[in-house]
Amino acid sequence: MSKRLSPRLQHNVTEDAYCETHLEPARLFCDVDQITLCSKCCQSQEHKHHMVCRIQEAAENYRKLFQEILNTSREKLEAAKSILTDERERMAMIQEEEQNFKKMIESEYSMRLRLLNEECEQNLQRQQECVSDLNLREALQNQVINLATELEEVFQEMLQRLGHVGRENMKKLKESEARVSKQICSLRKLIVELERKCGEGALALLKCLDLEIRPPELREMNFWYEEVTQSMNAKYSLERSKSLLLEHLEPAHITDLSLCHIRGLSSMFRVLQRHLTLDPETAHPCLALSEDLRTMRLRHGQQEGAGNPERLDFSAMVLAAESFTSGRHYWEVDVEKATRWQVGIYHGSADTTGSTARASGEKVLLTGSVMGTEWTLWVFPPLKRLFLEKKLDTVGVFLDYEHGQISFYNVTEMSLIYNFSHCAFQGALRPVFSLCIPNGDASPDSLTISPQRGPSCDAAVSP
């Protein structure tokens with residue numbers, strides 16, 4: 001049997017690789033047993049069916065494999081560093097987002113409480129005109145208190161749920177940070193080891209241990225030999241390196257806070273719902289409006305008269321004929337037949353210069369986009385992506401001018417999508433509607449302002 005290589009072996013094969021059994025140079029390498037062999041060892045029954053090649057050839061083969069793993073390790077290290085940076089940024093972002101959603105919940109609660117009190121006052125006034133029973137009046141007042149208490153409990157529960165989701169998200173991100181940091185440490189160690197191996201000579205790269213170097217008292221303990229030689233040979237190093245690279249590395253999966261839906265719509269919305277029509281003077285040339293001025297569609301050819309100074313030429317947009325300078329207003333838009341749409345409010349002159357919109361602060365928008373079976377939802381400003389489980393069919397828009405609030409609702413699911421509060425409204429605000437300009441393809445997209453509904457006799461609040 002040939003001599004196993006000691007850690008002190010250098011590049012000279014003829015001097016250092018020597019078979020003590022047959023007293024010949026060991027210039028061959030058995031890939032199965034990871035040992036050097038002489039020509040006679042190679043012909044023995046033990047190695048007859050093993051894969052054997054010259055030491056230099058074996059070393060170069062392993063060197064190429066180590067170099068490939070080294071390159072992959074460097075790429076994975078950079079990817080891990082990027083994930084770690086993202087996880088730390090997300091920690092800061094979710095804290096900020098949690099505060100934003102908390103303000104949104106509190107703003108929605110304040111708005112609904114104002115509407116509830118106003119509705120209850122109107123109900124009391126109507127009752128007082130025809131009911132003189134003091135006990136009945138007191139019962140109505142108690143009902144108002146109970147409804148307000150119920151509303152507060154619902155929103156307190158929402159805040160608690162938001163806090164719970166926030167804590168769970170932070171826990172997942174911290175665990176991910178620790179896991180990725182550990183991976184980065186392991187990858188750095190692996191890269192150092194692989195760089196060292198790739199720079200070693202043939203025998204050092206194939207590094208094996210001589211069976212005879214074991215302490216005498218352990219020579220009969222085969223497990224010692226197997227354990228140590230495995231930890232030193234090239235094949236084991238290669239497999240260990242590969243196993244580390246196979247470890248899956250991905251960012252933490254956290255719950256988007258926009259999924260913490262605020263359920264229910266105020267019945268006052270029906271009282272506040274406005275009759276809106278589209279203003280043909282502001283319609284983009286690629287839009288066709290219905291006779292009742294409530295539906296907009298994309299036309300095949302552009303309409304004449306695109307030079308009208310009131311026309312919104314920067315997008316397939318159109319303004320409502322109505323405008324608001326005070327008060328509270330609500331309207332609904334059917335977006336089921338639109339693949340790309342925008343609804344919101346617009347402030348300022350519709351006059352444009354060129355093909356781009358004016359200042360970004362002039363619009364508050366909710367944007368939806370459908371691509372095949374996938375769809376996305378955005379609010380602006382600033383541009384922020386939202387997550388909903390189902391595609392939107394009908395969007396409700398509520399504007400409170402004095403309190404600087406605009407809210408978007410999923411009418412079908414009766415839930416808040418997003419709201420903007422503490423807006424500094426000045427001058428006239430006009431509802432705005434948009435379909436994305438098509439790229440030469442015929443599109444059946446359409447968007448319709450829902451008809452005004454009459455006042456409802458429903459309960460004052462639907463938590």
Side-chain angles (χ1 to χ4, degrees), residues 1-77 185-247:
M1 185 62 63
S2 68
K3 177 181 179 181
R4 274 70 174 183
L5 310 179
S6 72
R8 295 174 294 181
L9 288 175
Q10 304 300 319
H11 293 251
N12 193 322
V13 176
T14 57
E15 292 180 2
D16 296 320
Y18 192 78
C19 176
E20 293 183 347
T21 303
H22 301 103
L23 302 178
E24 288 186 6
R27 295 174 178 169
L28 303 172
F29 182 77
C30 175
D31 193 65
V32 176
D33 292 335
Q34 293 284 294
I35 58 174
T36 55
L37 305 173
C38 68
S39 57
K40 292 181 179 178
C41 290
C42 183
Q43 297 172 5
S44 67
Q45 190 66 29
E46 183 180 356
H47 300 285
K48 184 176 181 180
H49 301 292
H50 289 177
M51 183 181 292
V52 176
C53 61
R54 292 185 175 277
I55 288 179
Q56 291 293 347
E57 182 183 350
E60 286 308 307
N61 290 338
Y62 274 104
R63 197 186 309 280
K64 289 179 182 178
L65 293 173
F66 281 132
Q67 187 62 52
E68 290 176 3
I69 295 177
L70 176 59
N71 294 337
T72 304
S73 300
R74 288 170 176 163
E75 292 174 1
K76 191 160 186 177
L77 176 61
C185 183
S186 298
L187 285 168
R188 283 173 173 163
K189 290 180 179 178
L190 175 62
I191 289 171
V192 171
E193 180 182 341
L194 290 172
E195 287 175 340
R196 178 182 58 79
K197 271 203 166 294
C198 288
E200 288 178 337
L203 292 175
L205 188 142
L206 298 172
K207 186 186 277 186
C208 298
L209 294 178
D210 187 351
L211 188 64
E212 299 302 318
I213 70 170
R214 291 177 295 168
E217 64 274 13
L218 296 177
R219 288 181 181 177
E220 301 303 322
M221 298 174 63
N222 291 333
F223 75 89
W224 183 91
Y225 169 70
E226 294 174 359
E227 180 180 346
V228 176
T229 53
Q230 278 188 348
S231 66
M232 299 298 288
N233 65 50
K235 180 181 286 187
Y236 177 78
S237 296
L238 191 66
E239 291 174 353
R240 184 164 56 86
S241 301
K242 287 181 178 179
S243 66
L244 178 60
L245 295 182
L246 288 175
E247 291 183 13

For residues [X] and [Y], report the shortest heavy-atom separation together with the two atoms involved.
X: Leu190; Y: Ser73; value: CD2-OG, 3.4 Å
X: Arg63; Y: Cys198; value: NH1-O, 2.9 Å
X: Cys42; Y: Leu37; value: CA-CD1, 4.3 Å
X: Pro25; Y: Cys38; value: O-CB, 3.5 Å
X: Leu77; Y: Ile191; value: CD2-CD1, 3.6 Å
X: Tyr62; Y: Gln34; value: OH-NE2, 3.0 Å

Inset, instruction - Applying side-chain hydrogen bond (donor to acceptor under 3.5 Å, both in side chains), run through Gln67 and Asn71 and close with a yes or a no. - result: CA-CA 6 Å; Gln67 187 62 52; Asn71 294 337; 3.2 Å; yes
Legend entry - Test item: Val192 and Arg188 side chains (from C-beta on) under 4.5 Å apart, heavy atoms: no
Legend entry - Residue pair Glu68 / Leu65, side-chain heavy-atom distance below 4.5 Å: yes
Inset, instruction - Using a strict 4.0 Å threshold on nitrogen-to-oxygen distance, state whether Arg196 and Glu200 make a salt bridge. - result: yes
Legend entry - Value rounded to 0.5 Å, distance of CG in Leu28 from CD in Gln56: 12.0 Å
Legend entry - Spacing of CD belonging to Glu193 relative to CD1 belonging to Ile69, to within rounding of 0.5 Å: 10.5 Å
